[in-house]
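Chain identifiers are assigned alphabetically (A, B, ...) following the order of the sequence lines, protein sequences preceding nucleic acid strands; residue numbering begins at 1 within each chain. As a basis for the values below, the full set of heavy atoms in this structure was taken, side chains included, without hydrogen atoms, waters or symmetry mates. This one's a predicted model, so the numbers in the text were calculated from it and none came from an experiment.
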Amino acid sequence: MAKAPAVRGPKRGWLSNMTDTNLLTSITVVVFLVMYLFAIVVLQEGFLKPQTLFNMMNANASLIIISCGMSLVMITGGIDISVGGVTALVCMSSAVYLDQKGGNVVTSLLLSLCIGLAFGLVQGYLIAYLEIQPFIVSLAGMFFARGMTTIVNTHTINVQHEGFVALKNTRITVPFLGSYNKAGNYVDAYIEIGVVVALVIVALLFCMLKWTKLGRSFYAVGGNRQSALMLGINVRRTTFLSYLICGILAGIGGYVYFLHVGSGSASHASGAEMNAIASSIIGGTMLTGGVGNLIGTLFGVLSLTLIQNIVSSVGLDQPWWTGITIAAMICVFLIMQSVIISYRKKVLLNSVSGGKTG
Amino acid sequence: MSRLNNKKGLLAGLLRHQMLIPIAALLLLALFNLIADPSFFKISLGTNSNGDPVLTGYLITIIDCGSELAILAIGMTLVTAASGGQDISVGAAIAISGSVVLRVLCGSDSHAQTLQAPIIVAFLVSCAVAMIFGAFNGTLVAFFRIQPMVATLILFTAGRYIAASFHNNELPIVNDPSFGYYGNYFPGIPVPTPCFIAVICFAVITLVLKRTNLGLYIQSVGINEKTARLNGLHPEWIKFMTYVILGLCVAVAGFIKVSRLSTINYSVIAKDIEMDAILAVALGGNALSGGKFNMGASILGAYVIQFLSTTLYKFNVQSDALPAYKAVVVILLVVMSAPAVREKLSALFAKLRKPSHAAQT
């Protein structure tokens, strides 16, 4: 069901010729743009400034990276809910290493990568080669990571390491997009390092999924394991690799999160795994596998943030409104996807059977 | 293979039996406690703060605190079997149903001195609300064909906020002591009340599974939906029904939870209980992809998890670090029960046995 079988009759329009992946991604992008336009028209002040968009990215760079890993795993038909725990563990370990053990920035980055890699390796092996349910394995992974975080250290640590603080405060100026503040001075628009990392990762993985053999085999495995096996794809290795990449991305995402907040705490990134799943879903990735696109995931994260911003700017500042709106948004997207996919299946079936009889 | 060699078949059959994992885990934990500190099994008759005689001891704690989890495991098993997915919103749904109970009992004043409504009314209202939320999940899963985990993600995200909005973010407290009886002890009865509630739930579900075809229908839908439909079942309605039943379980568990403390903390109540409930189902050897299920194994699995938690607490493990140890045990258990590993193990056994046979002859 992944890539709609090529039944491209001459009389069918461009919309029905689109693959499920592309259709769902375009819907996400369009919805994001419409929401942003709405925000600009109705709420004006803040949303006209490009910096608002950049701030949304600054705050969510790590979520973008984590969600990319999540999308990848979801495309192969699995799930990894340990990413939030790994993020917290990476933050705490790096903080302890930098602040109390006198480490330097490069090795702390290596340490984070190793933590992510270790989680990816173990979970990938258990899921792909021992065929244990992904949910249970990554659930245990999440428990383990969260527990280890408090074992490493129970208190919140604010990192004072000079090199790290310098890196944390590095701002990359975006030319021509600055704005004038109330005093009339020109203020440069900026993004943090994490955003660059996130965008590079999105681009790399997007190209990988689109144009490499490995990338296509991810879709094949997620779409139909049996067919993928018959096509000569090493299903186990592909599944293993998806979890491995997801683990590494969780490590990188954790370090980016650490760069953004500059501290280690057991409560960091709580619920990040669910946010990542939600972003992937809004971005058009389906948990059944075989459908999804990382550009969609990027816009999924941004839509999730944008709706929070809009809700708080509109004046619904009771704490529960954000949660309820996000849930409503996921609900709308899910129902829409479900209706669209089943409708397209029906049309496809009709056209196939119609073609046979007529 | 089992027909060829009866002795081997017995061993293999024992190895494959579903109850093996939870029972083995329980025995292992019990043995560990017996060696580490035999006083773990001591049950004594003490008095609580009201001066009533109560049973105390770690075993009582396990049976008492495991009640909610076991009740949830009932519903979760049915949902898992029918829809091949899990409901991750039970923790949030407990927050909702618990806050409904308190809303009905307290009325508009969050610190009312007297009960504003009979407790049974509050319980029934919370049952209705929890079943409506269960029906919401069920509709998404059964009729819109959304994967259960994703569909319940909605309520998982919103549930605790909805619970908070019922009380305008205040923390209501019930001052009437009779409300606390249901989560603690009835005066004069030394056994904790949740145990009785759990036993009633087990009895009801056993009767339902024995007397009606529900269990059979659920399994057939889980094993093959198309075949079930061809045999005249309505898979959508059966899936939908399991979610409503889970809603009922949630209401009972939520009622016990709020009754324990007579108050509610929206963000903390029943935190991570959905994970434990799913774990209970998995520990019971039920396939998380749906199909056949064994209710007794799930319930036993729930108590195993509570046993593990209590053991860890006893050894002064911090509550925040608890998950790490739990994870190690869980991974060990699932790796041991994985079909791939079992096959390799039995192959290894066979290899070990062959040379010994050869030596004898």
Side-chain angles (χ1 to χ4, degrees), chain A residues 74 79 81-82 85 89 122-123 126 129-137 139-152 154 266-267 271 274-275 277-278 280-281 286-289 318-339 341-342, chain B residues 85-86 88 92 136 139-140 143-151 153-166 168-169 266 272 274-276 278-279 281-283 287-289 317-335 337-341 344:
Chain A
M74 277 165 70
I79 191 137
I81 55 171
S82 70
L89 181 60
V122 174
Q123 296 187 151
L126 291 178
Y129 291 99
L130 296 187
E131 289 171 0
I132 306 174
Q133 314 260 4
F135 190 85
I136 291 299
V137 171
L139 179 68
M142 179 185 88
F143 277 160
F144 186 72
R146 288 268 172 217
M148 276 312 280
T149 311
T150 44
I151 291 175
V152 170
T154 39
S267 62
M274 293 305 163
N275 278 338
I277 296 175
S280 299
I281 291 166
M286 296 188 76
L287 200 65
T288 35
Q318 296 282 20
W320 56 78
W321 277 114
T322 20
I324 292 177
T325 2
I326 291 176
M329 191 166 162
I330 302 173
C331 187
V332 168
F333 266 87
L334 278 176
I335 292 179
M336 190 179 69
Q337 285 176 3
S338 146
V339 169
I341 295 289
S342 62
Chain B
Q86 290 75 37
I88 56 168
F136 170 73
T139 311
L140 288 180
F143 298 107
F144 287 98
R145 304 189 168 280
I146 299 170
Q147 300 80 26
M149 245 205 72
V150 183
L153 179 70
I154 297 169
L155 201 56
F156 174 89
T157 323
R160 292 178 191 278
Y161 295 106
I162 294 175
S165 72
F166 283 151
N168 216 1
N169 230 4
Y266 310 109
D272 289 340
E274 54 272 356
M275 306 299 176
D276 279 350
I278 297 169
L279 221 64
V281 176
L283 269 185
L288 290 185
S289 46
V317 173
Q318 276 183 338
S319 66
D320 291 334
L322 193 70
Y325 298 93
K326 229 185 220 173
V328 173
V329 177
V330 168
I331 283 292
L332 282 179
L333 282 175
V334 288
V335 166
S337 62
V341 180
K344 269 178 200 159

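- Residue B:Tyr266 does not touch chain A at all, counting heavy-atom pairs closer than 4.5 Å.
- With a 4.5 Å cut-off on side-chain heavy atoms, A:Asn275 and B:Thr157 do not count as touching.
- Ranked by heavy-atom pairs shorter than 4.5 Å toward chain A, the options B:Gly159, B:Ala151, B:Ala158 are led by B:Ala158.
- The part of B:Ala282 that comes within reach of chain A is its side chain, from C-beta onward, which places non-hydrogen atoms under 4.5 angstrom from that chain.
- Between A:Phe143 and B:Ala327, the shortest heavy-atom distance links the atoms CB-CB, 3.8 Å.
- There is no contact between A:Thr325 and chain B, counting heavy-atom distances below 4.5 Å.
- Contacts of B:Tyr161 classified as side-chain contact (heavy atoms from CB on, under 4.5 Å), with partners at least two apart in sequence or in another chain: A:Trp320, A:Ile324.
- Per-residue counts of heavy-atom pairs under 4.5 Å with chain B were compared for A:Ile277, A:Val137, A:Thr150; the largest is that of A:Thr150.
- Of the residues considered (A:Thr149, A:Leu334, A:Val339, A:Ile335), A:Leu334 shows the highest number of contacts with chain B, using heavy-atom pairs under 4.5 Å.
- From B:Leu140, atom CG reaches atom OG of A:Ser338 across 8.5 Å, with rounding to the nearest 0.5 Å.
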Could you walk me through whether B:Leu279 and A:Leu139 pass the side-chain contact (heavy atoms from CB on, under 4.5 Å) test, one step at a time?
CA-CA 9 Å; B:Leu279 221 64; A:Leu139 179 68; 3.6 Å; yes
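- Between chain A and the residues B:Met149, B:Arg160, B:Lys344, the most heavy-atom pairs under 4.5 angstrom are made by B:Met149.
- Using a 4.5 Å heavy-atom threshold, the side chains of A:Ile341 and B:Arg145 count as separate.
- B:Ile331 is listed as a side-chain neighbour of A:Leu126, based on a closest heavy-atom distance under 4.5 Å.
- Remark: B:Leu322 CG to A:Ile151 CD1 distance equals 10.0 Å, nearest 0.5 Å.
- Listed here is the closest heavy atom pair of B:Ser289 and A:Gln133: N-NE2, 3.8 Å.
- The contact between B:Leu153 and chain A is made entirely by side chain atoms (from C-beta outward), counting heavy-atom distances below 4.5 Å.
- Using a 4.5 Å cut-off between heavy atoms, B:Leu155 makes no contact with chain A at all.
- Residues passing the side-chain contact (heavy atoms from CB on, under 4.5 Å) test with B:Phe166 are B:Ile96, B:Ser99, B:Val100, B:Ile162, sequence neighbours excluded.
- At a 4.5 Å heavy-atom cutoff, the contact between B:Phe136 and chain A is made by side-chain atoms alone.
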